[in-house]
Peer 1: 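Handing you a structure now.
In this text the structure is predicted, and so the values were computed from the model without any measurement.
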Amino acid sequence: MAAAMARRAAGLLPLLVSSRSGARIALHRAVSQIPPPRSCRLLSQQAKPSPSSPFSASASASASASASNGTAAERTRELHLYNTKSRKKEQFRPRDPGGEVSMYVCGVTPYDDSHIGHARAYVAFDVLYRYLRYLDYEVRYVRNFTDIDDKIIARANQLGEDPFSLSKRFSDDFLSDMANLQCLPPSVEPRVSDHIDEIINMIKQILDNSCAYVVGGDVYFSVDNFPEYGELSGRKLDDNRAGERVAVDERKRNPADFALWKAAKDGEPWWDSPWGPGRPGWHIECSAMSAHYLGHSFDIHGGGEDLIFPHHENEIAQSRAACCDSTINYWIHNGFVNVNSQKMSKSLGNFVTIRKVIEMYHPLALRMFLLGTHYRSPINYTIEQLNVASDRLYYTYQTLRDCEESCHQQRSNIGNSLPPNTSNYIQKLHDEFETSMSDDLHTSVALAAISEPLKVMNDLLHTRKGKKQDKRLELLSALEEKIRVVLSVLGLLPSSYHEALQQLRDKALRRASITEELVVQKIEERTAARKAKQYEKSDEIRKELAAVGIALMDGPDGTTWRPSLPLSEEAVVAKT
């Protein structure tokens with residue numbers, strides 16, 4: 001167990017050292033939310049597992065496994081992932097069972113602010129990263145920046161800015177967006193401009209293996225010389241088109257051939273090469289950087305569904321042409337974010353940026369919205385569903401904060417064991433969480449699994465019957481701890497429930513275009529109206545605030561408020 005914890009600590013240190021100073025605190029908080037290795041986590045529930053403990057069997061197995069071979073605890077759930085290449089779910093078996101899991105995810109081309117389609121992709125792979133670590137795998141996660149590209153050059157020319165300055169600016173903004181969404185920083189974040197030598201060397205290998213040709217300073221990959229082209233996407237060679245970012249060139253031997261190296265044009269960045277000055281094509285960069293950091297063969301390659309063809313298809317061709325033994329075991333792709341049934345994208349002009357969303361909503365409300373749909377399914381972006389996610393997040397954090405405060409006030413009275421008749425709540429949550437996550441990361445099911453425990457907690461906290469429950473505080477504490485683990489793996493655990501609740505309230509006030517002082521004033525007016533038995537006026541004030549998403553809560557200590565769904569949206573949400 002100590003060895004596993006030491007490996008985990010050693011694996012986290014480079015993430016903090018390599019972080020940009022501007023996001024260091026946020027990234028440190030995000031990293032700190034990952035649970036400790038499974039053996040430590042389960043044993044820490046109670047010092048001496050007893051028959052009444054929901055974790056006693058798995059904790060004993062963990063202790064036995066650690067004692068017998070010194071490795072991380074035995075996994076109770078086998079992870080299954082949908083492999084795009086095989087078109088089916090497969091049990092995840094790492095290439096090196098005793099070593100690191102290697103994962104490469106295609107990063108952004110930073111020429112503009114990132115939109116929520118990007119958020120969807122990187123939240124999905126952040127959850128995979130977190131869950132692999134929860135299962136005690138050490139993970140080497142590489143995500144690149146395409147910091148030189150046609151779109152960057154065009155945007156820089158439009159703004160009169162240096163292309164590298166522009167891409168650096170938007171790269172930093174992207175990192176800030178990821179920190180706000182509590183995406184853990186990858187192990188390595190390489191940039192194309194820093195790996196030109198590796199790219200040139202790979203192109204040389206492809207040429208030496210007769211899978212590419214040179215035309216006037218350009219180098220093209222010859223798809224006719226790679227019979228397996230199309231295996232990932234299922235396309236036949238006759239159906240393939242030139243890549244989305246590659247203009248049709250009559251000098252090509254086949255219209256599907258794609259650029260590995262582009263000859264320099266006036267006013268564009270360039271590097272020296274054996275074929276003359278130029279810059280890399282779009283696809284070759286990922287093949288070269290993944291091979292450099294993970295080797296020619298590795299476990300997982302991920303990205304958005306739109307990258308299956310041509311980008312990932314071309315990556316496979318390049319990598320195999322450079323090294324015939326190159327293999328990637330699992331190709332994982334997330335679905336689109338749609339707006340009015342169209343894919344959200346910058347090219348279509350129908351995108352909503354992450355920054356625009358989090359002006360009005362807590363970043364973790366956006367994350368919860370994204371996790372509410374399975375990562376491979378399309379998700380339709382609507383304000384109504386974002387409001388639902390925000391409301392659900394508030395309810396979750398409010399319940400957990402109430403629990404935390406109640407247990408803290410009476411901490412000395414909390415024992416070490418759970419009542420046998422209530423420990424099943426913990427076991428059920430544990431099983432539902434691991435079963436859903438191990439089945440191709442069904443985050444929506446994992447989120448649903450905490451609904452019943454939260455209801456139980458509210459009953460224990462606020463109802464007369466619940467407050468009389470035997471060992472009430474022990475159950476509350478255990479439920480909060482287990483929900484904390486679930487939220488941590490999903491990337492939804494805040495550094496402080498209190499702070500998160502206040503941030504959610506502030507965002508709700510901003511959406512309602514109202515100040516808290518005005519809400520307090522309305523509450524006072526309503527209280528006076530009720531005392532004067534002016535119930536119609538009292539109801540009008542309540543409805544006025546409810547219409548803009550401010551719900552009034554009457555209690556023994558007076559009236560308070562909380563964010564809620566705007567009144568006009570409740571019927572719409574109920575129908576969906």
Peer 1: Decide, yes or no, whether a salt bridge links E313 with R235 under the criterion of side-chain N to carboxylate O below 4.0 Å.
Peer 2: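 Between R235 and E313 there is no salt bridge, as every charged N stays at least 4.0 Å from the carboxylate O atoms.
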
Peer 1: Among all residues two or more places apart in sequence or in another chain, which pass the ring-ring contact (aromatic ring centres under 6.0 Å, His included) test with Y141?
Peer 2: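 Y141 satisfies ring-ring contact (aromatic ring centres under 6.0 Å, His included) with Y129 only.
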
Peer 1: Salt bridge check, D459 against K455: does any charged N sit closer than 4.0 Å to a carboxylate O?
Peer 2: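 Between D459 and K455 there is a salt bridge, with a charged N closer than 4.0 Å to a carboxylate O.
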
Peer 1: Could you tell me whether F433 and Y134 have their ring centroids closer than 6.0 angstrom?
Peer 2: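 F433 vs Y134: aromatic centres under 6.0 Å.
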
Peer 1: Can a salt bridge be assigned to the pair R530 and D554 using a cut-off of 4.0 Å between side-chain N and carboxylate O?
Peer 2: yes

Peer 1: Only pairs at least two apart or in different chains count here, so list each ring-ring contact (aromatic ring centres under 6.0 Å, His included) that has a residue in residues 167-190.
Peer 2: Y122-F174, F145-F174

Peer 1: Checking K356 now: which residues fulfil salt bridge (Lys or Arg N to Asp or Glu O under 4.0 Å) with it, not counting sequence neighbours?
Peer 2: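 K356 satisfies salt bridge (Lys or Arg N to Asp or Glu O under 4.0 Å) with no residue once adjacent residues are dropped.
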
Peer 1: Among residues at least two apart in sequence or on other chains, which ones pass side chain to side chain donor-acceptor pair (under 3.5 Å) with R401?
Peer 2: H498

Peer 1: Considering residues at least two apart in sequence or located in another chain, which fulfil the ring-ring contact (aromatic ring centres under 6.0 Å, His included) criterion with H311?
Peer 2: W282, H283

Peer 1: Sequence neighbours excluded, which residues qualify as side chain to side chain donor-acceptor pair (under 3.5 Å) partners of Y131?
Peer 2: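 So Y131 forms a side chain to side chain donor-acceptor pair (under 3.5 Å) with S438.
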
Peer 1: Go through the structure and list residues passing side chain to side chain donor-acceptor pair (under 3.5 Å) with H118, not counting sequence neighbours.
Peer 2: none

Peer 1: Decide, yes or no, whether a salt bridge links D391 with R562 under the criterion of side-chain N to carboxylate O below 4.0 Å.
Peer 2: yes

Peer 1: Tell me whether R510 is salt-bridged to D506, with the criterion being a basic N under 4.0 Å from an acidic carboxylate O.
Peer 2: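 No, this pair does not count.
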
Peer 1: So, are E525 and K537 salt-bridged, with charged N and O less than 4.0 Å apart?
Peer 2: no

Peer 1: Would you list the pairs meeting salt bridge (charged side-chain N to carboxylate O under 4.0 Å, His left out) in which at least one residue belongs to residues 173-188, sequence neighbours left out?
Peer 2: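 Sorted result for residues 173-188: D173-R355, D177-R355.
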
Peer 1: Answer yes or no: is there an ion pair linking R526 with E544, defined by an N-O contact shorter than 4.0 Å?
Peer 2: no

Peer 1: Taking side chain to side chain donor-acceptor pair (under 3.5 Å) as the test, write out the residues that go with H115, two or more places apart.
Peer 2: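 Residues passing side chain to side chain donor-acceptor pair (under 3.5 Å) with H115: none at all.
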
Peer 1: So, using ring-ring contact (aromatic ring centres under 6.0 Å, His included) as the criterion, who are the partners of H462 when residues are at least two apart?
Peer 2: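 H462 satisfies ring-ring contact (aromatic ring centres under 6.0 Å, His included) with no other residue.
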
Peer 1: Among all residues two or more places apart in sequence or in another chain, which pass the side-chain contact (heavy atoms from CB on, under 4.5 Å) test with A546?
Peer 2: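 Expected list: L567.
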
Peer 1: Mind checking what makes ring-ring contact (aromatic ring centres under 6.0 Å, His included) contact with Y330, not counting sequence neighbours?
Peer 2: F92

